[in-house]
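Presented below is the structure to which this report refers.
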Amino acid sequence: MPKRLFSKVRFYEIRDLMQNVKRPRRSDIVLNRKRRKKDIQDLMVQKISDEPSSLQLSCQTEHKLDKVLRDKKYLAAFQTFLQSEFSEENIKFWLACEDFKSTTSPGDLRWKAEEIYTEFIQPMACREINVDHYIRENIKKSLEKPNLSCFDEAQKHVYLLMERDSCPRFLHSDAYLSLKCKSRTRWYI
């Protein structure tokens with residue numbers, strides 16, 4: 001025979017206790033729901049305002065990438081890091097485009113443009129970069145009369161790729177952190 005969990009005496013005690021409990025009215029229930037909903041909305045607004053936005057994060061990373069590309073020590077460390085990740089063609093292409101933009105002679109412009117195309121853009125190139133077909137075709141058409149801006153779209157694409165993908169990983173790598181630490185303690189030597 002199963003045991004009873006509540007005896008009759010206990011049941012009456014519980015019923016008497018329940019009478020003393022204040023029962024909420026319908027209006028109280030509705031008001032509490034509204035208060036809870038408002039509290040949740042306030043928490044969400046606070047959470048959103050506390051977290052840095054993705055725009056702020058990308059701007060911070062962009063400034064870091066600019067710093068890395070301008071400083072020779074950081075640039076060398078970034079190149080080594082990209083080599084270890086088998087994506088050094090991105091930085092090599094970006095540097096080749098920067099060199100291409102500084103070209104003044106029209107004769108040099110043509111052969112440098114063809115060299116960049118064969119090394120980085122052409123399908124099955126030895127250091128082929130990851131750009132879409134549309135950009136490839138535009139560059140191929142612009143090689144007939146090369147100008148200083150014929151690789152701008154591809155360079156911007158590669159820059160964004162490095163900014164979003166490679167640079168954040170580099171900024172957390174041991175190579176960057178040790179280089180940053182060395183630059184801080186340099187004045188002690």
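Values below: all heavy atoms of this structure, side chains included; hydrogens, waters and symmetry mates excluded.
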**Message:** Can you list everything that forms a side chain to side chain contact (heavy atoms under 4.5 Å, CB included) with Leu177? Sequence neighbours excluded, please.
**Reply:** none
**Asked** Would you find a donor on one side and an acceptor on the other, under 3.5 Å apart, between the side chain of Glu128 and the backbone of Met124?
**Response** yes
**Prompt:** For residues 117-127, which residue pairs qualify under salt bridge (charged side-chain N to carboxylate O under 4.0 Å, His left out), counting only residues two or more places apart or in two chains?
**Reply:** Glu119-Arg127
**Asked** Do you know the tightest heavy-atom contact between Arg110 and Leu143?
**Response** NH1-O, 3.3 Å
**Prompt:** Can you tell me how far the CD1 atom of Ile116 sits from the SG atom of Cys150, to the nearest 0.5 Å?
**Reply:** 7.5 Å
**Asked** Counting heavy atoms not belonging to Asp174, are there more than 12 under 6.0 Å from its CG?
**Response** no
**Message:** Rounded to the nearest 0.5 Å, what separates atom CG in Leu82 from atom SG in Cys167?
**Reply:** 9.5 Å
**Fill in**
Heavy-atom nearest pair, Tyr117 first then Pro123, reads OH-CD, 4.3 Å
**Request:** List the steps and the verdict of side chain to side chain contact (heavy atoms under 4.5 Å, CB included) for Tyr74 and Lys180.
**Result:** CA-CA 9 Å; Tyr74 288 117; Lys180 189 176 175 183; 4.2 Å; yes
**Asked** Quick one: CD on Gln122 to CZ on Arg136, what's the gap to the nearest 0.5 Å?
**Response** 9.5 Å
Under 3.5 Å, side-chain donor or acceptor atoms of residues 92-100 against the rest of the protein: list the pairs with distances, not counting sequence neighbours.
| from | atom 1 | to | atom 2 | distance (Å) |
| --- | --- | --- | --- | --- |
| Glu98 | OE2 | Gln155 | NE2 | 2.7 |
| Asp99 | OD2 | Lys112 | NZ | 3.3 |

**Asked** Do any pairs count as a side-chain hydrogen bond (donor to acceptor under 3.5 Å, both in side chains) and have a residue in residues 75-90, sequence neighbours left out, and if so which ones?
**Response** Glu85-Arg169
**Request:** Check the hydrophobic clustering (I, L, V, M, F, W, Y; side-chain heavy atoms under 4.5 Å; chains of links allowed) and say if Phe120 and Leu161 are grouped together.
**Result:** no
**Item:** Atom pair CG (Asp71) and CG (Asp66), whose distance is rounded to the nearest 0.5 Å
**Value:** 12.5 Å
**Item:** Approximate separation, where rounding is to 0.5 Å, of Phe78 CZ and Ser173 OG
**Value:** 9.5 Å
**CG-CG distance between Asn147 and Leu109, expressed to the nearest 0.5 angstrom** = 7.5 Å
**Message:** Is it the case that over 12 heavy atoms from other parts of the model lie below 6.0 angstrom from the NZ atom of Lys145?
**Reply:** no
**With Asn130 via side-chain hydrogen bond (donor to acceptor under 3.5 Å, both in side chains) - residues at least two apart** = none
**Message:** Can you give me the closest heavy-atom contact between Leu148 and Thr103, atom names plus distance?
**Reply:** CD2-O, 3.6 Å
**Item:** Over all atoms of both residues, closest heavy-atom pair of Ile135 and Ala154
**Value:** CG2-CB, 3.8 Å
**Item:** Those residues that, when tested against Glu153, pass salt bridge (charged side-chain N to carboxylate O under 4.0 Å, His left out) (two or more places apart)
**Value:** none
**Message:** Assess the residue pair Phe170 and Leu65 against the criterion (side chain to side chain contact (heavy atoms under 4.5 Å, CB included)); give the C-alpha distance rounded to whole Å, side-chain angles, the decisive distance to 0.1 Å, and a yes or no.
**Reply:** CA-CA 10 Å; Phe170 172 68; Leu65 183 59; over 6 Å; no
